[in-house]
Amino acid sequence: MEAADADVTSSQESTMGAAARQRSVETTDAFFLYLPNPIEHGAAGPGEGDAARRFAAVAEQFGYRLYRRRPFVFACRKIARERHDVDDAAAADSVILDLFPGTIASGRQLSVDTGGPGLGSADLGTAGPELTDWAAWHAMAEREAQFYNLIGATDRGLRIESDPIGLKPFYIAALDHGTLIASRILDILRAAPELAAPVDPLAVYQLMMFRAPMGERTLHQRVKRSISGGCYRWSPERGLQVTQGRRLSAPPVDAALFVDDALERIKEALVRSLREKTAGLSGPTALSLSGGFDSRLLAAVAVEIGLPVQAYSFGRSYHPEIQSAKATARTLGLPLEILPYPADGSIQRLPFHLETVEGTADLATSLIANLFAIDRPAGTPMLHGFAGDPIAGNHLRHLAPKDYRTLDTLADGVMRFNGGASPIDFAALLNVPVSRDAVRDEIRASLPEGCQPHQAYTLWDFEHKQRRYVGSHFPMIGDRFDTIAPYYDRDLFAIWLSVPPVGLDGRSLFRKFLTKYYPALARIPHSEEAGPITPNLRYQLAGFLRKAPYEAVDRLFGTARARRLTRALSRDRYIWSLANLAGTRQRAHMLARIEALRPDAQRVLGLDIDARFADRLKGDLQATRGLFLVMEYAAWLRQQGSFAI
């Protein structure tokens, strides 16, 4: 992995010497910025015009505390340490860490030893080397908080940088006289309602087919999300400048890598990551234990290092995931609690999803909110298996081997896997031009150069699908829990990205890892696989007996009819069907709501849905769910204020 930024000194340099001093960082869970355009000859100074005053008033109206008026408007919500000089006289070396509320509530100690002059001497709008402690702040934030935006604000400029792929959202909108940046889309629209429309038709297409808009797109054409690896710098003279200086990069593939050496390096890095990210925690750590490999490995390592863990699972007794989770907990001696899993949970949680994710990820991600049934206080640490699957190569199976020949064939494969060949006529459905070629070309342009195609796909998957889809878990559970993702670690990324494709195909190296270090777990079947890594008669016989009744029903009624019957009874064998709204009743509900909310989509987003939308969707569940979310988002925005075009 590349360093935080090429223009800063290393964290080691920043902590050396007798002059090192301990500095605490202020924290916030949301921020609002207005950055005026560069000063023109004869114009008023930045932050002094009518626009700046208006945006400062809007920020205060909606619960933000004004932190700075000049040279830009800067407001924060729930700033951790009270200030008495916030009006035009904020400290010249402000360092603020934007975190999820659950991490703030945990009481983590967020401080570093810095030996430099601080931020006050630096022009944050340039790439000056004076920021001697900036890398140290990043190192601390990656270790302690993981999901964050690091904000440096001085009288001379501003700098915003995030965790390596940018999992803590913030959004940007360019105006004629400046730029708005905020943690929430809603706050941008409150300040500038005219930005609600027009809709971004390619973002709608991507939400319906990829389960999230890609890159920096949102449903609003003029509101963008921060880019992965982005470095945002503003100065009165130069305005806002953006680079991808923190973008992850792939090391060379290690053709001489031997299995035992790779396994040892992975084990060492994973243990180190878990120890670092849980250091100083008190009380039991929550773990969402599924039927897959990633969470069981986290559970095993946690037990090995003596971390107290309380495991939680959600599902029905007949779901294979629950059986695998129970077997894992029993093997490791962990207490396990099964949480409720309501059939209409995704629809019930729709208001929470809209409030948190703001239409930027598929509604199915709301299943993670089942964890709110855990009766633990805010700030409780929770282990999350984010990044485990893709770094170990599991997602490489999405594409065919021929797709990894070149970056062009890779872009074609990504489009094909994500529904690019769908029969749905999106241009007719949305009544605006929607070019699949434009989506494909955007994918091709965002694939990183200078590495092997399989590495490029892994990085693209992280910067887009994982960041925008799976990454939407974190704003949701981060509202209450101090979320910890040990696989989201630079050293682990570097090791796994150096593994040749033969070690990633079918997660072969990962399977060897479980077999070598945790053989008892290798005998427990993965919930979505026919047999365990290591054959085990007990578990295979139990699995056969659980499946036998369903197979008998399949033979009696036919597979398709039997699955429709079990879905109608809310006893679908596939655990994700409940979150995916796959039942007949849920599908009917979505279509009815799309029809009812067509006027809202038109008034708020300027989106004209064709009256024959049900026929044009052709029964595609994912596309139907995506369109349903767009319509509900438009209705939710209307309820928040006047966003009509």
Checklist entry - Is there a side-chain contact between Pro36 and His177, using heavy atoms and a 4.5 Å cut-off? => result no

Checklist entry - Aromatic rings Phe100 and Phe147: how do their planes relate, parallel, tilted or perpendicular, breaks at 30° and 60°? => result tilted

Checklist entry - In terms of side-chain geometry, is the basic nitrogen of Arg190 or Asp187 positioned less than 4.0 Å from the acidic oxygen of its partner? => result yes

Checklist entry - Is the backbone N or O of Asp608 less than 3.5 Å from a side-chain atom of Asn431, with the two atoms forming a donor-acceptor pair by type? => result yes

Item to check | Donor-acceptor contact present, side-chain His526 to main-chain Gly292, <3.5 Å | outcome: no

Next on the checklist: Is the shortest side-chain heavy-atom distance between Glu632 and Leu354 below 4.5 Å?
Outcome noted: yes

Checklist entry - Quick one: does Ser346's side chain have a donor or acceptor within less than 3.5 Å of a partner on Ala364's backbone? => result no

Item to check | Worked check of side-chain hydrogen bond (donor to acceptor under 3.5 Å, both in side chains) between Asp98 and Thr28 | outcome: CA-CA 5 Å; Asp98 175 42; Thr28 184; 5.0 Å; no

Next on the checklist: Quick one, Pro486 and Leu298 - any side-chain contact, counting heavy atoms below 4.5 Å?
Outcome noted: yes

Item to check | Note: Arg507-Asp294 ion pair, threshold 4.0 Å (strictly below) | outcome: yes

Next on the checklist: Under the side chain to side chain contact (heavy atoms under 4.5 Å, CB included) test against Glu216, which residue among Ile227, Ile172, Val242 passes?
Outcome noted: Ile227

Next on the checklist: Under 4.0 Å between a side-chain nitrogen and a carboxylate oxygen: does that hold for Arg247 and Glu161?
Outcome noted: no

Next on the checklist: If you define the side chain from C-beta out and look only at heavy atoms, does anything of Met208 sit under 4.5 Å from Ile424?
Outcome noted: no

Next on the checklist: With a 3.5 Å distance limit and no angle check, can you tell me whether Ser295 reaches the backbone of Gly291 through a side-chain donor-acceptor pair?
Outcome noted: no

Checklist entry - Are the side chain of Arg397 and the backbone N or O of Asn394 linked by a donor-acceptor pair below 3.5 Å? => result yes

Checklist entry - So, for Phe481 and His384, is the gap between ring centers shorter than 6.0 Å? => result no

Next on the checklist: I'd like to know if the side chain of Asp163 pairs up with that of Tyr488 as donor and acceptor (distance under 3.5 Å, no hydrogens or angles considered).
Outcome noted: yes

Checklist entry - Can you say whether the rings of Tyr232 and Phe170 are parallel (under 30°), tilted (30 to 60°) or perpendicular (over 60°)? => result perpendicular

Next on the checklist: Can a donor-acceptor pair be found, under 3.5 Å and without considering hydrogens, that links the side chain of Asp200 to the backbone of Ala203?
Outcome noted: yes

Next on the checklist: Do the side chains of Lys618 and Asp620 get close enough for a salt bridge, i.e. N-O under 4.0 angstrom?
Outcome noted: no

Item to check | Phe62 ring center near Phe32 ring center (under 6.0 Å) | outcome: no

Checklist entry - Does one side chain, of His464 or Ser228, offer a donor that lies under 3.5 Å from an acceptor on the other? => result no

Next on the checklist: Looking only at side-chain N and O atoms, does Gln206 offer a donor or acceptor that is under 3.5 Å from a partner on Glu442?
Outcome noted: yes

Checklist entry - So does Arg468 pair up with Asp362, basic N to acidic O under 4.0 Å? => result no

Next on the checklist: So does Ala485 get a backbone contact from the side chain of Gln146, meaning a donor-acceptor N/O pair under 3.5 Å?
Outcome noted: yes

Checklist entry - For Tyr457 and His398, does a side-chain donor sit closer than 3.5 Å to a side-chain acceptor? => result yes

Next on the checklist: Main chain of Met382, side chain of Thr483: is a donor-acceptor contact present, judged purely on distance under 3.5 Å?
Outcome noted: no

Checklist entry - How far apart are the C-alpha atoms of His353 and Tyr633, what are their side-chain angles, what is the distance that settles it, and do they pass the side-chain hydrogen bond (donor to acceptor under 3.5 Å, both in side chains) test? => result CA-CA 10 Å; His353 188 274; Tyr633 176 63; over 6 Å; no

